[in-house]
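Structure first, then comments.
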Amino acid sequence: MSVRSKNLSSVFYADSYHPIQVGSIDGTDVVPHDNAVYRAQLCSSIGLYDPLGDPKATGDPYCTLFVARLSRLTTQDTLHKVMSKYGQVKNLRLVRDIVTGASRGYAFVEYETEREMRRAYMDAHHLIVDDCEIIVDYNRQQLMPGWIPRRLGGGLSGKKESGQLRFGGREKPFRAPLKPIPYEELKKLGIPPPPEGRYMSRFQVPSPPRRERSLSDREEQYYKHRRESDNRNRKEDTLRSSVDIKEEHHRKSSRHRDDDHSRGRSSSERSGRYHERSSSEKEHLHWRSTNKDNRSSSEKEPPHRSSNDKDKHLHRRSTDKDNRSSSEKEHRHHRSSNDKDKHSRKRKERDERSQTQGKYSRHSPHKD
């Protein structure tokens, strides 16, 4: 890449406002090139414009955005709805014509915090609102040193048809110089020279100026941040302890439920075993009663026996009955024979005893 093409893609932005410098495309002009630039230089040199003397410019300048190139039909409510996407809008002022009351195509939007303003500064640039591409910039009226408004020949950007192009802003930055830089003349006029070696790319966005903080402000901000972090940590600890308590309660309740379930299961098992035992005892008693009935009535048989089993059982019972009757007969016969022998033996003894007594009675002396 050649030096010329590299310089064409390198740009830089103005940190302070000088009417002659902003009228140049590369920031190296030392004479005004049109009457508007001369008028702005005159107002700047003799102090005809006070940027802090505008009574309508209220609010925090570090939280305020400048929105331009709005449609003349865009209302304040529409713009408020669009800009509320980037944060909470504290105040919005749509600039109108004093006589007609029509919109002049630009507005000032104030946010609650500087962070929200920076977010809108980065994301809302070149946004389409009511078919118009808007541009967004920070509040240069109060934050850029030496600022001169457009009505006095100053301002930034602009259109080529107007003949009042102004460079150094976000929309039209300075290009890197292609010719030697006249340092002596720039120093006499109080114009800052281009930052050689520190140029930016066309796609890089300059950051808005930050609020200068004193030592007390820094200390206050530090303690405020510390208090916020302590409160946040305290809330996290409280939330964590509450979560731990809930988890412990859940574990205890689940343990109690498990114990109750095990007790209920053991009692149900015991009751089930008792019912099974009682049912088995009932079946056993029923079986005993049926067997007793079967023994009392020999004709009745268990319902589960087949016809062959019934025949076998009847044959077995008849055989047992015959054997039992024959054994009883033998026993009776044997008993009767024993009784007869015993009676005959007793009769013989009785006869012998009577004979003996008769013999002694015939030879008794008392009788003689």
Side-chain angles (χ1 to χ4, degrees), residues 229-368:
S229 62
D230 292 341
N231 294 332
R232 185 166 56 253
N233 294 332
R234 194 178 299 109
K235 289 181 180 179
E236 290 178 357
D237 294 338
T238 306
L239 182 62
R240 193 179 298 111
S241 61
S242 63
V243 170
D244 294 338
I245 292 172
K246 289 181 180 180
E247 290 181 355
E248 184 67 23
H249 180 68
H250 179 68
R251 284 198 295 271
K252 288 183 179 181
S253 60
S254 61
R255 193 182 301 117
H256 288 312
R257 284 198 301 270
D258 294 339
D259 295 340
D260 296 338
H261 181 66
S262 60
R263 292 195 198 97
R265 186 171 55 190
S266 60
S267 61
S268 62
E269 289 177 356
R270 287 198 299 270
S271 63
R273 287 197 296 270
Y274 173 76
H275 288 302
E276 290 177 359
R277 187 169 64 249
S278 61
S279 61
S280 61
E281 289 179 356
K282 288 179 180 179
E283 290 179 357
H284 181 66
L285 292 174
H286 180 67
W287 180 77
R288 288 184 64 182
S289 62
T290 52
N291 288 339
K292 187 174 180 181
D293 296 336
N294 290 334
R295 283 196 301 271
S296 62
S297 58
S298 59
E299 291 83 4
K300 295 181 180 179
E301 295 295 332
H304 62 273
R305 292 179 179 179
S306 61
S307 59
N308 294 329
D309 294 337
K310 287 181 180 181
D311 297 338
K312 290 180 181 180
H313 183 69
L314 292 173
H315 180 68
R316 193 182 299 112
R317 288 191 64 182
S318 61
T319 308
D320 294 339
K321 188 174 181 180
D322 295 338
N323 293 331
R324 191 166 53 251
S325 60
S326 60
S327 62
E328 287 179 357
K329 287 179 180 180
E330 290 177 358
H331 181 69
R332 281 197 300 272
H333 178 70
H334 182 69
R335 184 179 177 182
S336 59
S337 60
N338 289 334
D339 291 339
K340 287 180 180 180
D341 293 339
K342 188 176 180 179
H343 286 303
S344 61
R345 196 182 306 111
K346 284 183 179 181
R347 192 180 295 110
K348 285 181 180 181
E349 289 177 357
R350 201 169 40 253
D351 292 342
E352 288 178 359
R353 198 167 38 253
S354 63
Q355 287 178 5
T356 339
Q357 289 178 359
K359 182 178 177 181
Y360 283 111
S361 63
R362 283 193 307 267
H363 296 285
S364 173
H366 295 286
K367 194 174 179 179
D368 292 338

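- Under the side-chain contact (heavy atoms from CB on, under 4.5 Å) criterion, Glu236 pairs with Arg232, Asn233, Arg240, sequence neighbours left out.
- For the side-chain hydrogen bond (donor to acceptor under 3.5 Å, both in side chains) test, residues two or more places apart in sequence or in another chain that qualify with Arg234 are Asn231.
- A distance of 8.5 Å separates CD in Glu352 from NZ in Lys348, rounded to the nearest 0.5 Å.
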